[in-house]
Structure formats: C-alpha cells, structure tokens
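What's counted below: heavy atoms across the whole structure, side chains too, no hydrogens, waters or symmetry copies. Because the structure is predicted, anything quoted here is derived from the model rather than measured.
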Amino acid sequence: MKDINQILETARERAEDMRVPYKGALLPSEAHAVLQAIPEARIVDVRCRAELDWVGRVPGAIEVELLTYPGMQPNPGFLDQLNSQIAEHAVLLFICRSGGRSSQAAALMSQNSFTDCYNILEGFEGDKDESGHRGQQSGWKAAGLPWIQS
C-alpha cells in the first residue's frame, strides 16, 4: 500500500481527471487507509435506511440519507443533519451503494465550505457482475473491508 500522501495525491489527480468539484476520489482500500492514518477522517454513508438495514453498514460511519426511501426523494435536511455530526475541518469520505450518490454528496458539501471531501469510488457494493448482482467484484464489501449486517 502506498503511503498516505501518495494515496491522497492519487485521489486528487483522479478527481481532477473526472472534473468533479471535490478534493479527491478514493478506491475502497485507499479510503480505509485514510481512515487509519488520519484521526479526523470520517466515513459518511449516504445510503437510505433500507440499504443500511438490509445490505450492511460500515462500522463507525456517520449515516445521513442523501435520498430518502421509498421514492428516493432528496432529503431536505441533509446538510443540517450532517453538519450537526461533523467537526468543521473534518476529512469526509462519502460512500453509497456504487459511488453515484456519494459523488453528489461530496460535491454538495464541497460547495458548502467543506474543503476535504472525497468520494469512495465503487461504493459499498460496487458494480453489478455478469449476473446482475452487486457486492462480489468491486466495492467496500468485495475488498474485504470492515462491515456489519443487522
């Protein structure tokens, strides 16, 4: 594994290549390394309650729905709910099912004065495999990183 400065630089370069407004884009294993190396780093899981309850959770993650279930409508309290749980200068690593909502959340927080926002590429479950199933070939779970199920 690269050292933390190399990981963060690679994440910044990915974000620049992707033309996203947040600081960086991390692979799941890189995000886990950041959590271990930077005490103020926090994972923010933006999946809906149903996903958290039925699919699994990242231990210690801050859980704030970006979209609410059912209907997947925007959570009007997202910013306030998240702001009440984080330090002003926290390093925020956003995760969702596959990386789309977490990218939106990282962008939103970056546009609201948070400068250390990262998206976790592949998300918790990753891409679908040839059978249309998630969680086997990419993502946090497939990488063998810590997770629990209710």
Do I38 and V58 land in one hydrophobic cluster if side-chain heavy atoms of ILVMFWY residues count as linked below 4.5 Å? yes
With a sphere of 6.0 Å drawn around CD of E16, does it hold more than 12 non-hydrogen atoms of other residues, nucleotides or ligands? no
Joint hydrophobic cluster, L8 plus I95, side-chain heavy atoms closer than 4.5 Å: yes
Contacts table for residues 107-118: side-chain donor-acceptor under 3.5 angstrom, sequence neighbours left out:
from, atom 1, to, atom 2, distance (Å)
S110, OG, A106, O, 2.8
N112, ND2, L108, O, 2.8
D116, OD1, K23, NZ, 2.5

Which value, rounded to the nearest 0.5 Å, describes the distance between L93 atom CG and L26 atom CG? 6.0 Å
Are V46 and Q104 side-chain neighbours, meaning at least one heavy-atom pair lies under 4.5 Å? no
The reported gap from CG in D45 to CD in E65 (rounded to nearest 0.5 angstrom) is 10.0 Å
Here the pair of heavy atoms bringing P28 nearest to A143 is CB-CB, 4.4 Å
S84 OG to L79 CG distance, which is reported to the nearest 0.5 Å: 11.0 Å
To the nearest 0.5 Å, atom SG of C96 lies from atom CD1 of I120 at 9.5 Å
S138 side chain to E122 backbone, donor-acceptor under 3.5 Å: no
Please give the remaining members of the hydrophobic cluster of I148, linking ILVMFWY side chains under 4.5 Å, ordered by chain and number. none
Would you please name every residue forming a side-chain contact (heavy atoms from CB on, under 4.5 Å) with A37, sequence neighbours left out? I4
Starting at CD1 of I43, measure out to CZ of F94 and round the result to the nearest 0.5 Å. 11.0 Å
Do R14 and L27 make a side-chain contact, defined as non-hydrogen atoms from C-beta onward lying under 4.5 Å apart? yes
I86 side chain near I62 side chain, heavy-atom distance below 4.5 Å: yes
What's the spacing between Q73 CD and L67 CG if we round to 0.5 Å? 8.0 Å
Return yes if some donor-acceptor pair links the side-chain N/O of E63 with the main-chain N/O of V44 below 3.5 Å, else return no. no
Using the test side-chain contact (heavy atoms from CB on, under 4.5 Å), find all partners of E13 that sit at least two apart in sequence or belong to another chain. E9
When hydrophobic residues are tied together by side-chain contacts of less than 4.5 Å, even through go-betweens, does V91 share a cluster with Y22? no
For P146, the side-chain contact (heavy atoms from CB on, under 4.5 Å) test, sequence neighbours excluded, returns H32, P59, W140
Contact between F124 and K141 at the side-chain level, heavy atoms closer than 4.5 Å - yes or no? yes
Spell out, as yes or no, whether a donor-acceptor pair under 3.5 Å connects the side chain of R42 to the backbone of L92. no
At their closest point, which heavy atom of Q149 faces which heavy atom of V55, and how far apart are they? NE2-O, 3.4 Å
Determine whether a donor-acceptor pair (N or O, by modelled atom type, separation under 3.5 Å) exists between the side chain of E51 and the backbone of C48. yes
Using salt bridge (Lys or Arg N to Asp or Glu O under 4.0 Å), reason through E125 and R47 one step at a time and then give a plain yes or no. CA-CA 11 Å; E125 293 185 274; R47 293 177 295 152; 5.3 Å; no
Residues in side chain to side chain donor-acceptor pair (under 3.5 Å) with Q81, at least two apart? N75
